[in-house]
Colleague: 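Starting off with a structure, shown below.
This chain uses plain numbering: 1 for the first residue, then up along the sequence.
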Amino acid sequence: MAALIEAIDIKRKMFFEYDDAPYHCLDVEVSKPTARGGQTLVRIKMRNLLTRAVFDKTFKAGEKFIDPDLVVDAASYLYADGSGYHFMDQETFETLTLGTDMVGDDRLLLVDNVIVLIQKYNGNPIGLQFPPHVELTVTYTEPAGRGDTASGSVTKLATLETGLEIRVPLFIKEGEKIKVHTETREFAGRA
């Protein structure tokens with residue numbers, strides 16, 4: 001029997017099952033009643049891990065949810081081809097293939113041998129979790145001109161090895177390795 005979680009006990013970044021689908025809590029807000037006899041309500045901003053849809057839903061404090069059958073496996077990125085994106089499980093050394101629809105725009109963060117966490121629900125892969133930063137090489141950026149800082153623009157556009165375009169400081173040159181925040185996709189420093 002799976003463990004039950006009450007709505008009042010759900011915290012940010014927790015996983016729970018609702019309507020036969022796994023959800024990730026992005027934010028939670030508890031509203032206590034002002035009148036006697038009122039019910040405590042829990043408003044949860046949640047992401048469906050199967051469809052990636054995000055929405056708000058309000059529950060009574062006593063409503064119960066099942067702890068989902070979620071497993072997270074570490075895997076290293078190998079390569080991509082017409083059938084999808086291939087990863088090697090770090091424990092079993094088996095190859096896992098994720099479709100392009102599941103990887104989506106995260107493909108711009110995938111570089112050889114980066115370790116990611118693959119989420120599995122009931123044994124089937126449903127998504128990727130990246131480390132906080134990935135290291136990517138700058139393949140193109142415009143050279144900084146003299147006096148650029150006087151105009152107030154202290155960043156320039158850079159194209160990285162995966163095709164991702166981000167703003168970087170003026171001192172970054174082509175061929176340098178930089179760290180990129182995986183959540184915000186912003187410059188995080190030199191590697």
Side-chain angles (χ1 to χ4, degrees), residues 1-77 84-85 87 89-92 94 96-111 114-136 162 164-167 179-189:
M1 179 72 191
L4 294 177
I5 308 166
E6 285 195 11
I8 194 82
D9 295 329
I10 290 183
K11 305 285 183 250
R12 201 168 165 267
K13 296 191 176 182
M14 276 181 73
F15 295 97
F16 61 96
E17 192 170 308
Y18 173 71
D19 278 351
D20 298 325
Y23 285 87
H24 183 222
C25 176
L26 303 174
D27 200 17
V28 66
E29 184 182 312
V30 178
S31 60
K32 300 211 185 315
T34 52
R36 283 186 9 205
Q39 287 192 330
T40 300
L41 298 175
V42 180
R43 182 177 173 163
I44 301 174
K45 182 175 185 177
M46 52 199 215
R47 168 176 279 131
N48 183 320
L49 294 176
L50 301 177
T51 64
R52 313 308 285 168
V54 176
F55 55 92
D56 289 348
K57 189 141 177 69
T58 304
F59 301 97
K60 294 176 184 167
E63 284 190 59
K64 294 182 179 359
F65 303 103
I66 298 172
D67 198 9
D69 179 19
L70 273 180
V71 177
V72 179
D73 291 331
S76 62
Y77 174 66
Y85 294 84
F87 299 85
D89 189 304
Q90 292 299 96
E91 286 186 25
T92 63
E94 292 177 4
L96 295 162
T97 304
L98 300 182
T100 52
D101 56 331
M102 190 176 300
V103 176
D105 284 344
D106 288 342
R107 72 183 187 288
L108 297 173
L109 298 171
L110 288 173
V111 65
V114 70
I115 303 291
V116 296
L117 298 176
I118 297 180
Q119 296 173 323
K120 293 180 180 176
Y121 177 64
N122 292 336
N124 300 317
I126 60 167
L128 287 175
Q129 280 181 299
F130 280 86
H133 303 103
V134 291
E135 293 181 6
L136 298 170
T162 60
L164 180 65
E165 290 186 348
I166 64 167
R167 307 280 317 167
K179 288 188 212 170
V180 177
H181 282 290
T182 54
E183 255 185 62
T184 60
R185 299 190 184 185
E186 293 174 348
F187 176 78

Colleague: Show the nearest heavy-atom pair for residues Ile166 and Val180, with the distance to one decimal.
Modeller: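 Closest heavy-atom pair between Ile166 and Val180: CD1-CG2, 4.0 Å.
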Colleague: Which atoms form the tightest heavy-atom contact between Gln90 and Ile115, and what is the distance?
Modeller: NE2-CD1, 3.6 Å
Colleague: NZ/Lys60 to CG/Leu41 distance, rounded to the nearest 0.5 angstrom?
Modeller: 8.5 Å
Colleague: To the nearest 0.5 Å, how far apart are CD in Gln119 and CG in Leu50?
Modeller: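 Rounded to the nearest 0.5 Å, the CD-CG separation comes to 10.0 Å.
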Colleague: Minimum heavy-atom separation for Leu109 to Thr182, with atom names?
Modeller: CD1-O, 3.7 Å
Colleague: Give every donor-acceptor pair under 3.5 Å between a side-chain atom in residues 14-22 and any protein atom, sequence neighbours left out.
Modeller:
unit_1, atom_1, unit_2, atom_2, d
Glu17, OE1, Tyr121, OH, 3.2

Colleague: Residues in side chain to side chain contact (heavy atoms under 4.5 Å, CB included) with Ile8, at least two apart?
Modeller: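 Only Glu6, Val30, Thr40, Val42, Ala61 meet the side chain to side chain contact (heavy atoms under 4.5 Å, CB included) criterion with Ile8.
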Colleague: Evaluate Leu4 against Ile66 for side-chain contact (heavy atoms from CB on, under 4.5 Å), listing each step before the verdict.
Modeller: CA-CA 5 Å; Leu4 294 177; Ile66 298 172; 4.0 Å; yes
Colleague: Using side-chain contact (heavy atoms from CB on, under 4.5 Å), reason through Phe65 and Tyr23 one step at a time and then give a plain yes or no.
Modeller: CA-CA 10 Å; Phe65 303 103; Tyr23 285 87; over 6 Å; no
Colleague: CG of Asp69 to NZ of Lys120: how many Å apart, nearest 0.5 Å?
Modeller: 11.5 Å
Colleague: Got a sec, which pairs hit side-chain hydrogen bond (donor to acceptor under 3.5 Å, both in side chains) with one end in residues 98-107, sequence neighbours left out?
Modeller: Asp105-Arg107, Asp106-Arg185
Colleague: Between Leu96 and Asp73, is any pair of side-chain heavy atoms under 4.5 Å apart?
Modeller: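 No; the side chains remain at least 4.5 Å from each other.
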Colleague: To the nearest 0.5 Å, how far apart are OH in Tyr77 and CD1 in Ile118?
Modeller: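 Taking OH in Tyr77 and CD1 in Ile118, the distance rounds to 12.0 Å.
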Colleague: Heavy atoms only: give me the nearest Cys25-Ile44 pair and the separation to one decimal.
Modeller: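 Looking at all heavy atoms of both residues, the shortest contact is SG-CG2, 3.9 Å.
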Colleague: For Ala53, which residues count as a side chain to side chain contact (heavy atoms under 4.5 Å, CB included) partner, sequence neighbours excluded?
Modeller: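 Ala53 satisfies side chain to side chain contact (heavy atoms under 4.5 Å, CB included) with Thr51 only.
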Colleague: Taking only residues two or more places apart in sequence or in another chain, which ones pass side chain to side chain contact (heavy atoms under 4.5 Å, CB included) with Leu26?
Modeller: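 Listed in chain order: His24, Lys45, Arg47, Val54.
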Colleague: Does atom CZ of Arg52 have more than 12 heavy-atom neighbours, drawn from other residues, nucleotides or ligands, at distances under 6.0 Å?
Modeller: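 Counting neighbours around CZ of Arg52, more than 12 heavy atoms of other residues, nucleotides or ligands fall under 6.0 Å, so yes.
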Colleague: Run the side-chain donor-acceptor check on residues 122-136: report pairs under 3.5 Å with partners two or more places apart or on a different chain.
Modeller:
unit_1, atom_1, unit_2, atom_2, d
His133, NE2, His181, ND1, 3.3

